[in-house]
Amino acid sequence: MGNVLSLAIVAVAIFAAYALKKFYDRPYIVNFALAAMLLLIVVRTVMLQPITGLGYAAIVICTVAGIFQIVLGIKSYKSAQQVQA
């Protein structure tokens, strides 16, 4: 399971890097890709045993950053929909 999560993190990171170039006009795609990557990092860190202080810091920071990315993605999506309307 750990290897699958690690590969998923790498795959999402590659997609996020690709999305930065390809979907420049739709930033919400990049925001959601980054949020997915951060949440996968949180899940992978939780699976570590024992979790050290650095692990807890990574969990907290990545969770907060993931929430911010989701909020930014929703705002970007809503503003893109208003422009099209």
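Model, not experiment: these values are computed from the prediction. Below, each value reflects all heavy atoms present in this structure, side chains not excepted, and no hydrogens, waters or symmetry copies.
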Query raised in the report: Restricting to pairs with a member in residues 50-62, which pass side-chain hydrogen bond (donor to acceptor under 3.5 Å, both in side chains), not counting sequence neighbours?
Result: none
**Report entry** Considering all heavy atoms, the nearest R44-G2 contact
**Finding:** NE-O, 3.4 Å
Query raised in the report: Is L7 isolated, or which residues cluster with it under the ILVMFWY side-chain rule of less than 4.5 Å, directly or via members?
Result: none
Requested in this report: If a pair satisfies side-chain hydrogen bond (donor to acceptor under 3.5 Å, both in side chains) and one of its residues is in residues 24-38, list it, with sequence neighbours excluded.
Outcome: N31-Q69
**Report entry** L39 reachable from Y77 in the ILVMFWY side-chain graph, under 4.5 Å edges
**Finding:** yes
**Report entry** Shortest non-hydrogen separation from A35 to G66 and the atoms involved
**Finding:** CB-O, 3.8 Å
**Report entry** Residue list, side-chain contact (heavy atoms from CB on, under 4.5 Å) with T63, at least two apart or on another chain
**Finding:** V42, I59, I67
Report summary line: I61 meets the side-chain contact (heavy atoms from CB on, under 4.5 Å) criterion, sequence neighbours left out, with none
Query raised in the report: To which residues is I14 joined in a hydrophobic cluster, defined by side-chain heavy-atom contacts under 4.5 Å among Ile, Leu, Val, Met, Phe, Trp and Tyr, whether direct or through other members?
Result: V10
Query raised in the report: Among all residues two or more places apart in sequence or in another chain, which pass the side chain to side chain donor-acceptor pair (under 3.5 Å) test with S79?
Result: none
Requested in this report: Heavy atoms only: give me the nearest A19-I29 pair and the separation to one decimal.
Outcome: CB-CG2, 4.3 Å
Query raised in the report: In terms of the angle between their ring planes, are Y18 and F23 parallel, tilted or perpendicular, with boundaries placed at 30° and 60°?
Result: perpendicular
Requested in this report: Go through the structure and list residues passing side-chain contact (heavy atoms from CB on, under 4.5 Å) with I74, not counting sequence neighbours.
Outcome: F32, I70, K78
Query raised in the report: How does the hydrophobic cluster around L5 look, that is, which other residues are in it when side-chain heavy atoms under 4.5 Å mark a link?
Result: M1, I9, V12, L20, V30, L34, M37, L40, I41, V43, M47
